[in-house]
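Take a look at the structure set out below.
Convention: sequence-line order gives letters A, B, ...; per-chain numbering from 1.
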Amino acid sequence: MNTEQELKQFQERIDNGEKIEPKDAMPERYRKQLIRMMSQHAHSEIVGMLPEGNWITRAPSLKRKMVLLAKVQDEAGHGLYLYSATETLGARRQDLVEDYLYGSAKYSSIFNYPTLTYADICVIGWLVDGAAIVNQTMLAKSSYGPYARANLRICKEESFHKKQGYEMLAKMASGTPEQQKMAQDAVNRWWWPTLMMFGPHDSDSPNSAELIRWGVKTKTNDELRVHFVDRMVMEAEAIGITLPDPDLRYNEETGHWDFGLIPWDEFWSVVKGDGPMNRERIRARRHAYEEGAWVREAATEYARKQRLRAEKAS
Amino acid sequence: MSSNDSTEWPLWEVFYQPKNGKPFEHAGSLHAPDAEMALLNARDTYARRNEGIAIWVVPSDQITASTPEDAGPFFDPANEKPYRHPQFYSVPRAVKKRS
C-alpha cells in the first residue's frame with residue numbers, strides 16, 4: 001500500500017480514531033517505524049531487569065526482597081507482551097533479540113546507569129517507572145491495536161512499581177541522617193537521566209512528527225516531560241526531597257514548572273554507547289542468551305521426543 | 001555467536017477466562033516448545049495477578065482468520081437483515097410503557 005490514494009485512506013482511518021490491526025493494510029513505513037519503536041521498547045524492559053536485579057540478593061528485608069522479585073518478574077512480562085505485539089507485524093522474535101544483542105537496535109539509555117545503593121532501587125521505582133507510566137499511558141492510546149493493548153496491560157502493573165518505590169523513598173527520606181543523605185544522593189544522580197527518557201526536544205526529534213501524524217504517539221516528547229516534572233515537583237516536596245535543579249520555577253503564565261537545561265551531551269554519549277554501564281549491560285545480556293541456548297535446545301528436543309512417543313503409542 | 005538459524009520455539013496464542021461465567025478472551029501470544037510449557041508460560045506471562053481462572057493455548061498456525069480485505073462482502077449478508085433485531089418490530093403503545 002503505497003499509492004497516494006491508499007495512503008490517504010490510511011490517514012483517514014487514523015484521523016477517525018480507528019485502530020489498525022495486524023492484517024490491515026498499512027504503509028510500509030508505518031510498519032517499519034512500529035517494529036523499530038516497539039522492539040526498542042521491549043529490549044528496554046528486558047535490560048531494565050539488570051540494574052534492579054543487581055540488588056535482589058541484598059534487599060534490606062524479606063518483604064522488600066519479595067517486592068523487588070515480583071517487580072523484576074513484571075519487567076520480564078512487559079518485555080514479552082511487547083515482543084509478541086511486535087511479532088504481529090511479521091517480525092521474528094529471534095531476529096529482534098539478535099539485532100539488539102549483536103546488531104544496532106537500541107534500548108532506553110536510562111538503564112546504562114549503575115545502581116550504587118538500595119536508595120537507587122527506591123528512586124528507579126519512583127522516577128524511572130513514574131516516567132515510564134507517563135509515556136506508556138499515552139502509548140495505550142496508540143493507533144496500532146496490539147501495541148495499545150500491550151501498553152494498557154503494562155500500565156496496570158506499572159503503578160505498583162512506582163508506588164513501592166515512592167513508599168520506600170519516603171521512608172528513607174524520613175529516616176536516619178545517613179538514610180536521608182542516601183535518598184537525596186540517589187535522586188541527584190537519577191533526576192536528569194530520567195528527564196532524558198522522554199527523548200530529545202521536539203525540535204531535535206526527527207521521528208516525532210510522523211509518529212504523531214500516524215497516531216502511534218499522541219503527545220510530543222516535551223509535552224510529556226513537562227507533565228512529568230509538574231507531578232514530580234509535587235511528589236518530591238511531599239516527602240522532603242529536593243530536586244537537583246536550581247532553575248526549577250513555577251511559571252504563572254503557562255501553569256507549569258520551568259526547569260533548567262538538560263545535559264544533552266551526556267544523553268548523546270550514552271546513546272552512542274559510552275554511558276557508565278553500556279558495555280556491562282550488553283555483556284550480561286549476551287551471556288544470558290548464549291549460556292541459555294542449551295536450555296532452549298533441550299526443551300525443543302524433549303518436546304520432539306514426547307511427540308514421537310505419543311505417535312508410537314497411538 | 002549469532003545463531004540466525006531457526007531454533008525458535010513455536011508461537012502460541014493465549015486465551016483466558018477472566019472470571020467464572022465469563023467468555024474466554026485473547027491475551028496475547030508467546031513461544032514455547034510444547035503445549036505443557038505453553039500453559040506454564042501463559043500463566044507466568046499473562047496471569048500473574050489472577051487475571052484468569054482458566055487458560056487455553058492454541059498453536060498460532062492453527063488459527064484461521066477472516067481477512068480485512070474481504071470484510072465487506074464477508075459480513076454483508078448481516079446488513080440486509082434488519083428483521084433480526086427487535087427494533088424492527090412495533091409494539092402497541094400501552095405495552096411499551098410497562099416494559
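Annotation for B/Ala65 and A/Lys23: closest pair CB-NZ, 3.5 Å, computed over non-hydrogen atoms. Between B/Ser29 and A/Ser84, the shortest heavy-atom distance links the atoms OG-CB, 3.1 Å.
Contact annotation for B/Ala32: neither backbone nor side-chain heavy atoms come within less than 4.5 Å of a heavy atom of chain A.
Within 6.0 Å of atom CG in B/Asp61, more than 12 heavy atoms from other residues, nucleotides or ligands are found, so the atom counts as buried in its surroundings.
Counting heavy-atom pairs closer than 4.5 Å to chain B, the top-ranked of the candidates A/Asp74, A/Leu101, A/Leu80, A/Thr300 is A/Asp74.
To the nearest 0.5 Å, the span separating OG1 on B/Thr45 from NE2 on A/His78 amounts to 11.0 Å. Of the inter-residue distances, the one linking A/Tyr302 atom OH with B/Glu36 atom CD reads 6.0 Å to the nearest 0.5 angstrom. Taking OH of B/Tyr46 as the start and CZ of A/Arg153 as the end, the distance is 6.5 Å to the nearest 0.5 Å.
Among residues two or more places apart in sequence or in another chain, the salt bridge (charged side-chain N to carboxylate O under 4.0 Å, His left out) test is passed with A/Glu167 by A/Arg64.
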For this session: Test side-chain contact (heavy atoms from CB on, under 4.5 Å) on A/Phe160 and B/Arg49 and set out the steps.
Result: CA-CA 12 Å; A/Phe160 135 60; B/Arg49 291 174 175 76; 3.2 Å; yes

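Within the 4.5 Å cutoff, the side chain of A/Glu87 has heavy atoms near those of the B/His31 side chain.
Counting only residues at least two apart or on different chains, the side-chain hydrogen bond (donor to acceptor under 3.5 Å, both in side chains) pairs with a member in residues 303-314 of chain A are A/Glu301-A/Arg304.
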